[in-house]
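In what follows, a structure is listed as structure tokens, so that the remarks can point back to it.
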Amino acid sequence: MRAPASEAELLGRARAIAGGTLAELADSLGLPLPGDPRRAKGWAGQLVETALGAPSAGEPGPDFPGLGIELKTIPVTPAGRPRESTWVCIAPMEDLTGLHWERSLVRAKLARVLWVPTVDGTDGGFQSRRIGAPLLWSPSPEEEAVIRADWEEFIEDIALGRIHTITGRRGTALQLRPKAANARERNWTTDEDGGRTLANPRGFYLRASFTAALLARHFGALRPAAGGPPGTGGETVGARVSATGRDTPG
DNA sequence: GACTGATCATAG
DNA sequence: CTATGATCAGTC
């Protein structure tokens, strides 16, 4: 399939596949279903990439280079709550001097994102997961400020040789967590004396709480607890993201 | 149930 | 071997 020529065309394609299951989508493309779910990490993302015509699967840079858009599938519960954090990009561990937010990989990756929720099915398996309404998103000034503050804190610590002090607990929107084939992998990084040392490779992730707020803001607020004002709750996020996309704002 | 640290598949 | 795609699974 050729790459979409515009944001509108990409969004149209994403809306067209919304409402179906991942298994149905794979069938329609003539692609096999994976066996063991534990060995199918990444399958949903690659399937949706193919379905939407991403031209350069597996290559560096945005999924849709001509449009500057990054595609992210995000697993959500029927209530619309993301089940996982979202992978962003690898963290630089060496040569950080002069690195600035404006030229960072995190900012570039998150500048324009097409979120495609995959909603849990009843049987818990990935095949029954349904594609939800897509959301074409750019960070609001407030969202970007939060991400930037986290990023700058992490980068400063890495540059000062303190990567070993960073855990997944840090960060409001962004996390720095291991990103490697296993815990024995090592990359060069700076130590506290400015020399070189080895550490486990890390990557940036968006917290589920951050993506939950992002989805809620665009698809509607989460239903208030019982006792809330009548008529103000509206649909749950799950109802919205589970929809085909024809009724959603945006 | 949420969260963190660890891990798995594929393309090039 | 690296980069991209994420989810697993044990712990809190």
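Every chain is numbered from 1, with letters handed out A, B, ... down the list of sequences.
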Test: ring pair (Phe, Tyr, Trp, His ring centres under 6.0 Å). Region: [range]. Which pairs qualify, not counting sequence neighbours?
range                       : value
residues 155-199 of chain A : none
residues 10-41 of chain A   : none
residues 69-92 of chain A   : W87(A)-Y205(A)

Next item on the list: Check every strand shown and say whether P75(A) touches a base, only sugar-phosphate, or nothing at a heavy-atom separation below 4.0 Å.
Entry: sugar-phosphate

Margin query: Over all strands shown, is R184(A) touching base, sugar-phosphate only, or nothing at heavy-atom distances under 4.0 angstrom?
Written below: sugar-phosphate

Expressed as a whole number of angstroms, how long is the span from [X]:[atom1] to [N]:[atom2]?
X       : N      : atom1 : atom2 : value
D63(A)  : dG5(C) : CG    : C1'   : 9 Å
L110(A) : dT4(C) : CG    : P     : 13 Å
F204(A) : dT4(C) : CZ    : P     : 14 Å
K72(A)  : dT7(C) : NZ    : P     : 10 Å

Notebook entry, point to check: For DNA chain C, which residues in residues 85-106 of chain A have a heavy atom at a distance below 4.0 Å?
Noted result: S85(A), W87(A)

Item checked: Under-4.0 Å salt bridge between E49(A) and K72(A) -> no

Can you figure out which of [options] approaches the side chain of [X] most closely?
X       : options                : result
R207(A) : dT7(B), dT4(B), dA6(C) : dT4(B)
K109(A) : dG5(C), dC8(C), dA6(B) : dG5(C)
E84(A)  : dT7(C), dT7(B), dC3(B) : dT7(C)

Note to self: With the threshold set at under 4.0 Å for non-hydrogen atoms, list the residues of residues 170-181 of chain A touching DNA chain B in residue-number order.
What the structure shows: Q175(A), R177(A), P178(A), K179(A), A180(A), A181(A)

Kindly write out the residues that satisfy side chain to side chain contact (heavy atoms under 4.5 Å, CB included) with [X], not counting sequence neighbours, or none if the list is empty.
X       : answer
A108(A) : none
D27(A)  : none
S104(A) : W101(A), V106(A), R107(A), W151(A)

Is the shortest side-chain N/O distance from [X] to OP1 or OP2 of [N] below 4.0 Å?
X       : N      : value
R83(A)  : dC3(B) : no
K41(A)  : dT7(B) : no
R129(A) : dT7(C) : yes

Check: Out of curiosity, does L96(A) fall in the hydrophobic cluster containing I90(A) (side-chain heavy atoms, cut-off under 4.5 Å, transitive links)?
Finding: no

Margin query: Hydrophobic cluster membership, with links at side-chain heavy-atom distances under 4.5 Å among I/L/V/M/F/W/Y: are L176(A) and L105(A) in one?
Written below: no

Nucleotides 10-12 of chain C: which of its N/O atoms have a protein N/O under 3.5 Å away?
none

Donor-acceptor pairs under 3.5 Å, side chain of residues 38-47 of chain A to any protein atom, not counting sequence neighbours: which ones?
residue, atom, partner, partner atom, Å
R38(A), NE, D36(A), OD1, 3.3
R38(A), NE, D36(A), OD2, 3.3
R38(A), NH2, D36(A), OD2, 3.1

Item checked: Nearest-nucleotide comparison on DNA chain C, the residue closer to the 5′ end among T73(A) and E185(A) -> E185(A)

Notebook entry, point to check: According to the salt bridge (Lys or Arg N to Asp or Glu O under 4.0 Å) rule, which pairs have a member within residues 110-122 of chain A, sequence neighbours left out?
Noted result: E7(A)-R112(A), R83(A)-D120(A)

Item checked: salt bridge (Lys or Arg N to Asp or Glu O under 4.0 Å): pairs with one or both residues in residues 88-98 of chain A, sequence neighbours excluded -> E94(A)-R196(A)

